[in-house]
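Heads up: the structure comes next, in structure tokens.
Order of listing sets the numbers, starting from 1, for every ligand and every atom in it. From a predicted model like this one, the values you see are computed outputs, not experimental measurements.
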Amino acid sequence: KAKHEGRNRYSFFSDELESALMHRHQLESLVRSALKNDGLEVHFQPKYDLASKKIVGAESLARLKDSSGNYVSPADFIPLAEESGLIIELGRQVLLNTCAVAKRLAQLGYRIPISANVSAGQFCSVELENHIKTALEENELSANLLELEITETALMLDADLTKTKLEQLKKLGISISIDDFGTGYSSLAYLKKFDVDIMKIDMSFVRDMLCNKHDYEIVKTITSLGLSMGLSLVAEGVETQEQNDALLSLGCGTGQGFLFSKPLPVEDFVQFVSKANGGL
Ligand code: C2E
Ligand code: MG
Ligand code: MG
Ligand code: MG
């Protein structure tokens, strides 16, 4: 009997491993073919001035559909794209899409900056600078309408390289935002040396800031740190009016989250901005 159970257990783990590998392989093929066949989608989530409730920016977010038409989470396919090297091409396409949409809005009279997420591997790559230049040039977009979001963790991987890279990117005229601030191991000493413009307070602190004293204190501390360093602050994951008001009173001027809008497909997003900011 024991032997029987043992065999079952063995085959259970084996199946599990096999299906995990299958899934990985399928997902990688999905990313690869989307990149080849214009199948990558980019959605856009507006950022709001928390006081005036005006749209003051947006973030682009990669989206991918599987063969049954369901969206796969970027939390699954971005790390995989990163490991397989596909992130460079994925990032290039995201940058082109982001600049194209920023240009469309500018032409409609809405000159708001749009940020694109840049992963660690992309940030370190030698191609990034050219991909940015090309995306700006092809869309005749002025560089001050493009921002990059780089996670705190990615920035801290190699401080010397980060410093050089940031100087190179800042010369192009774009702005840099530290994404998911507070979740990584940041050295405050390095932070002072990096030429960044915006700090994004991670959603995990915003979520419970009104029911958890510690989260509230963390949001408060990040905000005052950012402000004292001359940075703008953006809160992620703002879901309630109470959070909006608390953030505002702490000095965080900008937010994005389901209170305002989910990330939207391009056409919906352009319409949404036009309606919200009056016009068309
Ligand atoms: P992120 O850059 O921190 O993006 C914010 C995430 O929070 C997005 O998830 C967004 O849909 C979600 N979100 C926004 N507001 C709310 C809210 O009020 N409540 C909740 N619960 N969630 C909210 P998404 O689109 O699933 O992306 C997850 C992560 O995947 C991103 O985190 C980013 O790290 C990565 N990612 C997405 N697109 C790209 C991309 O084009 N390139 C790279 N390198 N990474 C990307
Ligand atoms: Mg982001
Ligand atoms: Mg973030
Ligand atoms: Mg986050």
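The atoms of ligand 1 that sit less than 4.0 Å from any heavy atom of Pro263 are 11 (O). Close contacts of ligand 1 with Gly237, meaning ligand atoms under 4.0 Å from a residue heavy atom, involve 16 (C), 17 (C), 18 (O). Here is the list of ligand 1 atoms found below 4.0 Å of a heavy atom in Glu236: 3 (O). Interface atoms of ligand 1 facing Val94, defined by a heavy-atom separation under 4.0 Å, are 41 (O). Taking a cut-off of under 4.0 Å to the non-hydrogen atoms of Ser119, the atoms of ligand 1 that pass are 44 (N). Close approach of ligand 1 to Ile78 (heavy-atom distance below 4.0 Å) involves ligand atoms 36 (N), 39 (C), 40 (C), 42 (N), 43 (C), 45 (N), 46 (C). Taking every non-hydrogen atom of Asp179 and a distance limit under 4.0 Å, the qualifying atoms of ligand 1 come out as 1 (P), 2 (O), 3 (O). Within ligand 1, the atoms closer than 4.0 Å to a non-hydrogen atom of Pro74 are 24 (P), 25 (O), 26 (O), 27 (O), 30 (O), 37 (C), numbered from 1 in the order shown.
Checked by atom type and distance alone, the side chain of Lys47 never pairs as donor or acceptor with a backbone atom of Thr254 at under 3.5 Å. In this structure a side-chain-to-backbone donor-acceptor pair under 3.5 Å is present from Asp158 to Leu161. Listed for the Glu152 side chain is a donor-acceptor partner under 3.5 Å among the backbone atoms of Thr183. With hydrogens and angles disregarded, no donor-acceptor distance shorter than 3.5 Å links the side chain of Gln107 to the backbone of Arg104. In this structure, Ser68 contributes its side chain and Asn70 its backbone to no donor-acceptor pair below 3.5 Å.
Taking a 4.0 Å cut-off on heavy atoms, Glu59 registers as neighbouring ligand 1. Distances shorter than 4.0 angstrom occur between a heavy atom of Arg63 and an atom of ligand 1.
The aromatic rings of Phe44 and Phe269 lie parallel to each other, with less than 30° between the two planes, well short of the 60° mark. Under the 30°/60° scheme for interplanar angles, the aromatic rings of Phe260 and Tyr48 are found to lie parallel.
Considering CG of Leu172 and CD of Glu129, their distance stands at 5.0 Å, rounded to 0.5 Å.
Between Leu259 and ligand 1, a contact under 3.5 Å exists for no N or O pair. Between Leu61 and ligand 1, not a single N/O pair is under 3.5 Å apart. Any N or O atom pair closer than 3.5 Å counts here, and Asp180 shares at least one such pair with ligand 1. Taking any N or O of Ser60, backbone or side chain, none lies under 3.5 Å from an N or O belonging to ligand 1.
Tally of protein N, O or S atoms closer to the Mg ion (ligand 2) than 2.8 Å: 4.
When the heavy atoms of Phe258, Phe260, Tyr71 are ranked by distance to atom 16 (C) of ligand 1, first place goes to Phe258. Of the candidates Gly257, Ala81, Ala62, Ser204, the one placing a heavy atom closest to atom 38 (N) of ligand 1 is Ala62. Proximity annotation for atom 23 (C) of ligand 1: of Glu149, Gln45, Met203, Met203 comes nearest, heavy atoms only.
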So Glu236 and Gln256, side chain to side chain donor-acceptor pair (under 3.5 Å) or not? Walk me through it.
CA-CA 5 Å; Glu236 294 182 328; Gln256 67 187 104; over 6 Å; no
Please assess Ser115 against Glu59 for the test side chain to side chain donor-acceptor pair (under 3.5 Å), listing each intermediate value before the final yes or no.
CA-CA 5 Å; Ser115 58; Glu59 175 177 13; 5.1 Å; no
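In the hydrophobic clustering of this structure, Val206 does not group with Val56; members are Ile, Leu, Val, Met, Phe, Trp, Tyr whose side-chain heavy atoms approach within less than 4.5 Å, directly or through other members.
Using modelled atom types and a 3.5 Å distance limit, the side chains of Glu267 and Gln271 yield no donor-acceptor pair. When only modelled atom types and interatomic distance are considered, Glu28 and Ser84 share no side-chain donor-acceptor pair under 3.5 Å.
Residue pairs meeting the salt bridge (charged side-chain N to carboxylate O under 4.0 Å, His left out) criterion with at least one partner in residues 63-73, sequence neighbours excluded, are Glu41-Lys65.
Cation-pi check for Lys262 over Phe258 is met; the charged atom lies under 6.0 angstrom from the ring centroid and within 45 degrees of its normal.
Contacts of Asn117 with ligand 1, taken as heavy-atom pairs under 4.0 Å, involve both backbone and side chain. Proximity of Asp202 to ligand 1, defined as any heavy-atom pair under 4.0 Å, is not found for any part of the residue.
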